[in-house]
Amino acid sequence: MDKNIKVNKERLISRLDELAQIGALEGGEDFPTLFDGVSRLALSDADRQARDLTVSWMRSLSLTIHIDQVGNMIGIRPGEEELPPVLLGSHIDTVTVAGRYDGSYGVMAALEAINVLNDQKVNTRRPLGVAAFTNEEGVRYTPGMLGSTVYVGKLPVAEALATRGFDGSTFSQELDRIGYAGPMKPGAIHPYAFLELHIEQGPLLDQQNIPIGVVETVTGITWLEATVTGTANHAGTTPIDLRRDAGLAAAKLIKSLREIALSIGGNQRATCGMIAFEPNAINVIPGKAILTIDLRNSDGDALIRAEELLHTRAKEIEDSDGVSISVRPLEHVLPVEFDPIVVDAIEQAANELGISSRRMISGAGHDAQLMAGICPTAMIFIPSRNGISHSPAEYSSAEELETGANVLLYAALKLANQKG
Ligand SMILES: [Zn+2]
């Protein structure tokens with residue numbers, strides 16, 4: 001491989017800058033950060049403008065553009081042979097108050113990789129493509145990763161189109177309105193492999209000063225809601241031994257989450273992020289507590305064990321505290337293991353470029369975990385400062401952005417030229 005082929009850092013940054021102007025938040029008092037953020041909800045006017053810009057760049061790179069029925073956009077650069085393409089991509093929608101790199105970086109770096117190959121007149125055996133999936137963030141329409149979920153056949157097109165947004169809008173009407181209801185059947189282009197380059201959204205690479213994360217696994221997630229029922233009563237007149245205190249029982253359950261995470265070890269996570277008491281008054285023993293539980297592990301069996309431990313602990317608290325606890329599942333997402341050959345290709349690309357890397361797990365969800373269901377897939381992470389994302393304070397340096405894009409380029413070349 002010719003080591004002189006490198007991405008153009010200035011061009012990559014300038015595309016990211018130009019894209020970040022679309023839906024740009026006002027800086028100043030509300031967002032006192034150096035880097036003003038963006039707000040580009042799926043199928044909004046800002047999303048339309050960002051799509052228009054991205055498509056114009058695809059055109060200028062002579063890519064053949066395909067828009068599918070849920071608005072996923074794919075631009076293809078032909079290969080020497082008519083084979084399934086290697087797709088590189090991510091998403092350009094954002095959360096409500098977002099940074100400029102989550103998602104956008106993966107799409108802009110893919111454009112840059114192809115730009116370099118065009119400039120240097122480098123052909124690949126297989127076609128290469130850039131993909132931008134619809135509604136990854138899931139803020140306006142649920143589920144998140146909607147575009148890629150439809151693309152891999154796990155959600156019917158009709159169901160996706162009928163989705164109602166949190167703002168009362170309908171997915172299909174908004175998609176029509178912004179002009180991105182395309183003719184292609186989702187999944188019609190079946191990739192040879194898929195690569196997603198993304199900011200880490202966690203602190204490991206930044207803390208350890210390692211420029212590249214080679215993502216082997218995406219964590220599994222279990223969301224539960226626990227309802228603790230006791231008896232609401234007077235905080236002053238009810239003796240301690242006669243209480244059925246739902247608040248105290250909930251606190252014990254929350255404490256058990258940390259114990260469960262520590263006893264399982266590895267990368268087990270356990271979090272209570274929301275709690276509500278009833279009646280929620282200063283002088284009343286809570287009669288009810290409703291709390292959410294977020295369990296994560298890249299090991300599916302360990303994740304099931306964590307949930308079992310939680311049920312056991314809930315039973316114990318029921319007995320000791322005279323309350324009843326019901327736990328209902330909200331969502332189960334299985335862990336996804338990426339393809340070892342694609343993981344190796346990324347690691348080798350970094351090695352050959354003299355860039356240090358480490359293998360890691362993604363604790364957040366990404367389009368790549370869906371694509372892994374239909375083709376060999378893996379992800380590349382770059383450091384995000386202090387692990388911050390979904391915030392205008394999200395930041396990766398120009399050098400870090402450049403390094404990740406070079407690894408993407410070289411991994412893509414390896415896969416695109418692979419025999420067999
Ligand atoms: Zn993202």
Side-chain angles (χ1 to χ4, degrees), residues 12 15-16 19-20 22-23 25 35 37-44 46-47 50-51 54 70-74 87-111 130-152 194-206 212-215 217-219 221 296 333 336 338 346 360-372 377-396 400-401 404-405 407-408:
L12 170 65
R15 282 206 184 99
L16 277 164
L19 189 64
I22 301 172
L25 294 165
F35 301 92
V38 297
S39 182
R40 228 164 34 229
L41 293 184
L43 314 189
S44 62
D47 188 20
R51 285 164 175 272
T54 303
V70 294
N72 294 318
M73 313 191 296
I74 297 178
L87 287 188
L88 322 174
S90 195
H91 60 96
I92 56 172
D93 69 316
T94 75
V95 294
T96 313
V97 179
R100 49 168 64 194
Y101 304 111
D102 178 349
S104 299
Y105 170 50
V107 179
M108 295 304 109
L111 288 172
V130 180
F133 293 104
T134 300
N135 191 62
E136 192 276 344
E137 294 291 5
V139 172
R140 194 170 183 207
Y141 303 98
T142 49
M145 299 175 272
L146 182 145
S148 50
T149 304
V150 175
Y151 199 82
V152 303
F194 180 71
L195 283 173
E196 183 169 3
L197 171 64
H198 205 281
I199 60 165
E200 184 196 343
Q201 300 183 274
L204 288 184
L205 295 175
D206 186 40
I212 291 294
V214 183
V215 186
T217 319
V218 181
T219 193
I221 304 174
R296 298 184 190 220
V333 180
V336 173
F338 286 138
I346 295 167
M360 59 191 301
I361 290 160
S362 171
H366 296 286
D367 291 313
Q369 77 198 61
L370 276 308
M371 293 302 282
T377 294
M379 291 188 76
I380 307 166
F381 279 174
I382 65 158
S384 47
R385 191 168 63 189
N386 299 324
I388 292 173
S389 71
H390 288 187
S391 157
E394 192 176 281
Y395 176 76
S396 303
E400 288 165 336
L401 295 162
V407 173
L408 177 73

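Counting from 1, the numbers follow the sequence of the chain as shown. Just so it is clear, the structure is predicted and the values come from calculations on it, not from any experiment. Both ligands and their constituent atoms are indexed starting at 1 by order of listing.
- Nearest heavy atom pair, residue L12 against residue Y105, reads CD2-CE1, 4.4 Å.
- Shown here for R140 and N135, the closest heavy-atom pair between the two residues is N-OD1, 4.4 Å.
- When distances from the Zn ion (ligand 1) to the N, O or S atoms of D102 are compared, OD1 comes out shortest.
- Taking all atoms of both residues into account, the shortest heavy-atom contact from A46 to R40 is CB-CG, 3.4 Å.
- Distance check, rounded to the nearest 0.5 Å: NE2 of H198 to OG of S90 gives 4.5 Å.
- Angle NE2 (H198) to the Zn ion (ligand 1) to NE2 (H91): 120°, rounded to 10°.
- In summary, E137 places no N/O/S atom under 2.8 Å from the Zn ion (ligand 1), failing the contact criterion.
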